Amino acid sequence: APLDFVTFHLKGGGYAPDPLHRPERPPTVRRVLEGAAVGYDLIRKHGFQGLECVVSECDPDGWAAGGAYDNAALNFRNSEYYPSWVAAAFHHLTAFARAREWDLRYLSWAFMFVGERCFEGTRAFSTQGIDKPILNLLRMYARLGSTRVALESTAAGDPLDRANDLPEVDGVASLRGDGALQVLLFHHHDDWNRAGEAEVTLDVAHVPTEARAVTVRHWRIDGEHSNAYTEWVRQGRPDYPAGGQRQAIAARGGLELLDAPRALRLDDGGLRVSFALPVHGISLLEFTPFP
């Protein structure tokens, strides 16, 4: 067949109504990668691996209209697990495709559910006009530059390696036209209940020699930052918050800095920053050079 592109769907999990709310695993990056490998092998088998491939539904699960009241596992959509999963899944899908010179594109779906209870758990980026943590990951992506630069992590992982059960820290780095460097790092594990944090040391090398210092801005998504869901829980989980309660919840819906911007002097064209990154946390650091 004279095809212009090929397409298929990938989901990280599957859920059905469960009034007993029995424990279930959240979506996994492993399942998405296993599906990508099957899709690639089928496409290659029929000689279409040179075409653009669109994963026209690249989502954590397949039941967009279901919510946490239908199945407790779907509550992950309200929390920092959702952006953590997306960051890790898209990172590994990109690496999988780049290693095979495969033109792979992703399309994710989210919806608006009018009249739902606050943080109903449907696949939406906001609830009653209050932004969820997943929307802040998209805001982080929007701040990335158009030129990718090398990033190596000693804590990188392989979700297909079943013998390795450690959380991974990895990410992507980019440059903008104004010379600013962005580094997006995720700390992910496919276990929703995994806790703890990683002590991250980030070394930046080969900053242009004309720059003597940089301004560092550090944005964070985790259980306490860029997370209106956590504030909603603090406010007593109201179905339809109003007044000061709603204001307090909505105020935590935007992308938040971990700390105030600061200046760092360069040492022979390089610098080092260290910080703690909790499991299912995401950091975006931006380094803007100045003379």
Side-chain angles (χ1 to χ4, degrees), residues 7-36 38-39 54-90 92-93 106-138 159 186 188-194 221-223 226-241 246 249-250 252-253 279-280 282:
T7 181
F8 63 96
H9 295 173
L10 286 175
K11 306 291 183 178
Y15 303 95
D18 181 11
L20 299 179
H21 296 302
R22 288 163 292 195
E24 293 188 58
R25 291 192 68 184
T28 66
V29 176
R30 175 182 296 156
R31 179 167 174 172
V32 163
L33 285 179
E34 290 172 343
V38 171
V54 180
V55 182
S56 48
E57 290 189 20
C58 190
D59 300 308
D61 65 274
W63 187 18
Y69 296 93
D70 304 301
N71 186 314
L74 293 175
N75 195 49
F76 81 86
R77 294 168 172 164
N78 293 324
S79 74
E80 63 275 13
Y81 187 91
Y82 192 175
S84 174
W85 182 90
V86 170
F90 282 21
H92 285 290
L93 285 171
Y106 325 125
L107 177 64
S108 290
W109 289 78
F111 301 86
M112 177 182 294
F113 297 93
V114 178
E116 70 173 7
R117 289 162 287 196
C118 199
F119 289 101
E120 182 94 16
T122 53
R123 194 178 337 127
F125 290 164
S126 64
T127 176
Q128 295 185 17
I130 299 169
D131 296 341
K132 294 184 180 182
I134 179 60
L135 188 56
N136 287 316
L137 175 63
L138 302 185
F186 62 83
H188 182 75
H189 192 282
D190 279 340
D191 180 357
W192 187 356
N193 295 313
R194 184 63 65 101
I221 303 170
D222 59 24
S226 310
N227 197 326
Y229 172 70
T230 301
E231 184 60 32
W232 175 75
V233 172
R234 286 196 191 101
Q235 295 291 330
R237 303 174 182 261
D239 285 343
Y240 300 95
R246 178 183 173 82
I249 298 168
R252 305 304 307 278
V279 179
H280 305 133
I282 305 167

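Side-chain atoms are counted along with the backbone in the values below, which use heavy atoms only and exclude waters and symmetry mates. Just so we're clear, the structure is a prediction, and the values are computed from it rather than from any experiment.
Here the closest non-hydrogen pair linking Ala110 and Ala124 is CB-CA, 4.3 Å. Considering every non-hydrogen atom in both Gly35 and Phe8, the closest pair reads O-CE1, 4.2 Å. Summarising the geometry of Ala228 relative to Ile130, their closest heavy-atom pair is CB-CG2, 3.7 Å, with the distance given to 0.1 Å. The minimum heavy-atom distance linking Ala64 with Phe111 is given by the pair CB-CE1, 3.5 Å. Between Ser84 and Ile282, the shortest heavy-atom contact is N-CD1, 3.7 Å. Heavy atoms only, all atoms of each residue included: Val29 and Pro159 are closest at CG1-CG, 3.8 Å.
The distance from the NE2 atom of His189 to the OG1 atom of Thr28 is 11.0 Å, given to the nearest 0.5 Å. For the atom pair Leu137 CG and Lys132 NZ, the distance stands at 14.5 Å (nearest 0.5 Å). Between Thr127 atom OG1 and Leu135 atom CG the span is 12.5 Å, to the nearest 0.5 Å. To the nearest 0.5 Å, the span separating CE on Met112 from OG on Ser126 amounts to 5.5 Å. Summarising the geometry, atom CD1 belonging to Ile134 is positioned 12.0 Å from atom OH belonging to Tyr81; distances are rounded to the nearest 0.5 Å. In this structure, OH on Tyr15 lies 6.5 Å from CG on Asp61, to the nearest 0.5 angstrom.
You'll find the side chain of Arg246 stays beyond 4.5 Å of the side chain of Cys118, heavy atoms only. Looking only at side-chain heavy atoms (C-beta outward), Trp63 and Asp70 come within less than 4.5 Å of each other. Using a 4.5 Å cut-off on side-chain heavy atoms (C-beta onward), Leu93 and Val55 make no contact. Trp85 has its side chain out of reach of Pro26: every pair of non-hydrogen atoms, C-beta onward, lies at least 4.5 Å apart. Annotation: side chain of Phe119 is in contact with side chain of Ile249 (closest heavy-atom distance under 4.5 Å). You'll find the side chain of Ile221 stays beyond 4.5 Å of the side chain of Tyr82, heavy atoms only. Counting heavy atoms from C-beta on, the side chains of His92 and Val32 never come closer than 4.5 Å. With a 4.5 Å cut-off on side-chain heavy atoms, Asn227 and Arg252 do not count as touching.
Here the side chain of Ser108 pairs a donor or acceptor atom with the backbone of Cys58 at under 3.5 angstrom. In terms of modelled atom types and a separation under 3.5 Å, the side chain of Asp18 and the main chain of Asn71 share no donor-acceptor contact. At least one donor-acceptor pair under 3.5 Å links the side chain of Gln128 to the backbone N or O of Glu116.
A search for side chain to side chain contact (heavy atoms under 4.5 Å, CB included) contacts involving Ala72 returns His21, not counting sequence neighbours. By the side chain to side chain contact (heavy atoms under 4.5 Å, CB included) test, Leu107 pairs with Trp109, sequence neighbours left out. Residues meeting the side chain to side chain contact (heavy atoms under 4.5 Å, CB included) test with Arg237, sequence neighbours left out: Tyr229, Trp232, Val233. With sequence neighbours left out, His9 forms a side chain to side chain contact (heavy atoms under 4.5 Å, CB included) with Ser56, Glu57. Partners of Arg117 under the side chain to side chain donor-acceptor pair (under 3.5 Å) rule, at least two apart in sequence or in another chain, are Glu120.
The salt bridge (Lys or Arg N to Asp or Glu O under 4.0 Å) contacts involving residues 24-34 comprise Glu34-Arg162, where partners must be two or more places apart or lie in separate chains.
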